[in-house]
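Written below as structure tokens is the structure these notes are about.
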Amino acid sequence: MSFWRRTLDLKRLLRGRTSPERLPVHVAIIMDGNGRWARRRGMPRSAGHRAGVERIEEVVRVAADCGVKYLTLFAFSTENWRPSPQEVGYMMQLFAETITERAETLRAQGVALHFIGRRDRLPAELVTRMAAVEAMLPAEKKMTLVIAIDYGARDEILQAARQIAMAAREGRLPPE
């Protein structure tokens, strides 16, 4: 299911789960389908990416209001490098603008922001902004918003295997 069809379903999913033992502590959403959403409406893919970003504010608010402690948004996977360099550049710029524009609002709402995924392939300016936003911790934390950027299961397994191999080669880890 696309991100578009599921954002409002989050509220329905959490409604009625008022007892703490039934409330999910962590909700994860794969933000997928924005480009297809735009294409079906005769719009450029960039319009879909922008519209997807606009939905984030509502999703964060609903999750925090429902008592979710961690919300992870899978925003940009390793496969998202495949579109044209122009589209990827647009997504990176949109990401940088959005985290800068919304960081103070999130902090005021008691939402801490944390990023996971690879940073070594991201534009330096974006990495700098991400670090600055992560450092802006709210006085009282209501929820942690985790943004997964440049993530992928295959890539993470490969990176972990390389780290293990290096540790074994350097004698920091027994080969067995």
Side-chain angles (χ1 to χ4, degrees), residues 1-15 17 24 26-66 68 70-107 109 111-134 143-160:
M1 287 288 169
S2 79
F3 179 63
W4 288 99
R5 289 185 290 217
R6 289 293 173 208
T7 52
L8 294 179
D9 288 345
L10 176 65
K11 196 171 200 171
R12 276 181 254 165
L13 170 73
L14 299 175
R15 191 181 300 140
R17 293 181 176 234
H26 190 163
V27 173
I29 298 172
I30 298 171
M31 297 173 59
D32 189 23
N34 295 333
R36 289 184 300 276
W37 176 89
R39 190 177 60 238
R40 282 194 302 266
R41 286 160 178 75
M43 303 163 74
R45 290 176 58 86
S46 60
H49 298 309
R50 179 152 306 274
V53 165
E54 296 303 320
R55 297 301 298 260
I56 293 171
E57 192 171 329
E58 177 187 8
V59 171
V60 170
R61 183 182 45 75
V62 168
D65 289 349
C66 289
V68 172
Y70 297 91
L71 173 64
T72 297
L73 299 178
F74 289 91
F76 187 91
S77 73
T78 53
E79 289 79 22
N80 288 127
W81 291 107
R82 292 182 188 150
S84 71
Q86 294 81 12
E87 184 175 351
V88 171
Y90 175 80
M91 287 189 280
M92 290 294 131
Q93 184 59 40
L94 180 62
F95 191 77
E97 289 171 9
T98 302
I99 63 172
T100 301
E101 291 169 0
R102 310 255 169 100
E104 185 54 42
T105 302
L106 289 171
R107 192 175 77 74
Q109 293 172 340
V111 178
L113 192 55
H114 181 64
F115 299 96
I116 59 173
R118 293 183 64 173
R119 296 183 189 206
D120 60 311
R121 298 187 289 195
L122 301 175
E125 168 68 19
L126 176 56
V127 174
T128 300
R129 288 185 189 198
M130 289 165 58
V133 168
E134 281 182 311
M143 184 177 80
T144 299
L145 174 60
V146 179
I147 306 288
I149 183 166
D150 198 8
Y151 68 89
R154 287 182 184 142
D155 188 60
E156 292 191 24
I157 291 169
L158 179 61
Q159 295 298 323

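Predicted model, so just to flag it, every value in this text is computed and none were measured. FYI, the numbering just counts along the sequence from 1.
Closest non-hydrogen pair, Gly52 versus Met31, comes out as O-CE, 4.2 Å. Between Ile99 and Val133 the shortest heavy-atom distance is O-CG2, 3.8 Å. Ala38 approaches Ala47 most closely through the heavy-atom pair CB-C, 4.5 Å. Residue Ile147 comes nearest to Ala75 through the heavy atom pair CG2-CB, 4.0 Å, listed as atom of the first residue, atom of the second, then distance.
Within 6.0 Å of atom CZ in Arg41, more than 12 heavy atoms from other residues, nucleotides or ligands are found, so the atom counts as buried in its surroundings.
For the atom pair Arg61 CZ and Leu106 CG, the distance stands at 12.5 Å (nearest 0.5 Å). The distance from the CD atom of Glu101 to the CD atom of Glu57 is 10.5 Å, given to the nearest 0.5 Å. Atom CD1 of Ile149 is separated from atom CG of Leu122 by 4.5 Å, given to the nearest 0.5 angstrom. Separation of atoms CD (Glu156) and CD1 (Ile116) is listed at 7.0 Å; rounding is to 0.5 Å. Summarising the geometry, atom CZ belonging to Arg82 is positioned 7.5 Å from atom OG belonging to Ser77; distances are rounded to the nearest 0.5 Å. Here the straight-line distance linking atom CZ of Arg154 with atom CD of Gln159 works out to 15.0 Å at 0.5 Å rounding.
Every residue two or more places apart in sequence or in another chain that forms a salt bridge (charged side-chain N to carboxylate O under 4.0 Å, His left out) with Glu54 is listed here: Arg102. Residues forming a salt bridge (charged side-chain N to carboxylate O under 4.0 Å, His left out) with Glu97 (at least two apart in sequence, or on another chain): Arg50. Under the rule for a ring-ring contact (aromatic ring centres under 6.0 Å, His included), the partners of Tyr151 that lie at least two apart in sequence or sit in another chain are Phe74. Under the salt bridge (charged side-chain N to carboxylate O under 4.0 Å, His left out) criterion, Glu134 pairs with Arg119, not counting sequence neighbours. Annotation: salt bridge (charged side-chain N to carboxylate O under 4.0 Å, His left out) contacts of Arg121 (sequence neighbours excluded): Asp150, Asp155.
A ring pair (Phe, Tyr, Trp, His ring centres under 6.0 Å) with Phe76 is found for exactly one of Phe115, Phe95, Tyr90, Trp81, namely Trp81.
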Can you give me every donor-acceptor pair (side chain of residues 124-132, partner residue at least two apart or in another chain, under 3.5 Å) with its distance?
from   : atom 1 : to     : atom 2 : distance (Å)
Glu125 : OE2    : Arg129 : NE     : 2.7
Glu125 : OE2    : Arg129 : NH2    : 3.3
Thr128 : OG1    : Ala124 : O      : 3.0
Arg129 : NH1    : Ala96  : O      : 3.0
Arg129 : NH1    : Thr100 : OG1    : 3.2

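Arg55 places no side-chain N or O within donor-acceptor distance of the main-chain N or O of Ala51, the cut-off being under 3.5 Å.
In this structure, Val60 and Met143 have side chains that are in contact, with non-hydrogen atoms separated by less than 4.5 Å.
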